[in-house]
Amino acid sequence: MAMLAGCGANTNKDVSTKLARIEIQNPNGTNVATLDKQSQSDVIDFFDDEEWNLCTDFDKTLTPKYIIELYQEKTPTVIKSGNSNDYEKILTYTVYEDSNVVMVRVSQDTAKVPLVSEETLTFYYIGSEDFFAALENVTGSF
């Protein structure tokens, strides 16, 4: 689910060598931690999302604790954009106070499908103990 695979133009850069950045913020937007220059393996280890289960029945009034944004290096293309940013946001995770529910939202830019609702790109999971332990290790609390 960590969706670090890229698609696009024929490039010399192997997708598995793309670096990622994980930004962890409080709900008010204050930066808590940034994990920069993460390998695909680092991201997989941090999120441990292979152990997550889809969640359909949970309290809809949960209070957000952290917003985690996952960025990946952009895939080089023949057409250059005016944007000099080397990373693009691919996923946003929201973890909640006193809960193991994790909301995952695929970035509209990553989906590259016009007129797809935010609801269609949003999923809820039960996060793994290893994920919450990694989050606590980085933030100092959970």
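We're numbering straight along the sequence, starting at 1.
With sequence neighbours left out, E118 forms a salt bridge (charged side-chain N to carboxylate O under 4.0 Å, His left out) with R105. Annotation: side chain to side chain contact (heavy atoms under 4.5 Å, CB included) contacts of D130 (sequence neighbours excluded): D48, S128. For N31, the side chain to side chain donor-acceptor pair (under 3.5 Å) partners two or more places apart in sequence, or in a different chain, are T34. The side chain to side chain donor-acceptor pair (under 3.5 Å) check on N28 picks up T30, with sequence neighbours excluded. Not a single side chain to side chain contact (heavy atoms under 4.5 Å, CB included) links T56 to another residue, sequence neighbours left out. In terms of the side chain to side chain contact (heavy atoms under 4.5 Å, CB included) criterion, residue partners of L62 (sequence neighbours excluded) are, by chain and number, F58, D59, Y96, S99, V101. Considering only residues two or more places apart in sequence or on other chains, L35 meets the side chain to side chain contact (heavy atoms under 4.5 Å, CB included) condition with I22, Q38, F46, V138.
Rounding to the nearest 0.5 angstrom, the gap separating the CZ atom in F131 from the CD1 atom in I126 is 12.0 Å. Q25 contributes atom CD, which lies 9.0 Å from atom OG1 of T92 (distance to the nearest 0.5 angstrom). Separation of atoms CD1 (I24) and CD1 (I68) is listed at 5.0 Å; rounding is to 0.5 Å. Distance check: K18 NZ to Q72 CD gives 4.0 Å after rounding to the nearest 0.5 Å. Summarising the geometry, atom OG belonging to S107 is positioned 8.5 Å from atom CG belonging to L121; distances are rounded to the nearest 0.5 Å. Between atom CE of residue M103 and atom OG1 of residue T94 there is a gap of 3.0 Å, rounded to the nearest 0.5 Å.
Counting only distance, with no hydrogens or angles, the side chain of W52 and the backbone of F47 share a donor-acceptor pair below 3.5 Å.
The nearest pair of heavy atoms linking Y125 to V104 is CD1-CG2, 3.7 Å. Considering all non-hydrogen atoms of both residues, I67 and P27 come closest at CG1-CA, 4.2 Å. Summarising the geometry of L19 relative to Y87, their closest heavy-atom pair is O-CE2, 3.6 Å, with the distance given to 0.1 Å.
Residues in residues 22-43 take part in these salt bridge (Lys or Arg N to Asp or Glu O under 4.0 Å) pairs, two or more places apart or across chains: R21-E23.
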- Message: Please evaluate residues Y93 and L70 with respect to the criterion side chain to side chain contact (heavy atoms under 4.5 Å, CB included), reporting the C-alpha separation (whole Å), side-chain torsions for both, the decisive distance (0.1 Å), and the verdict.
- Response: CA-CA 8 Å; Y93 298 78; L70 177 60; 4.2 Å; yes
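A salt bridge between K89 and E69 is present, with a side-chain N of the basic residue lying under 4.0 Å from a carboxylate O of the acidic one.
Looking only at side-chain heavy atoms (C-beta outward), Y124 and V102 stay at 4.5 Å or farther from each other. A 4.5 Å side-chain heavy-atom check between F123 and L91 finds every atom pair outside the cut-off.
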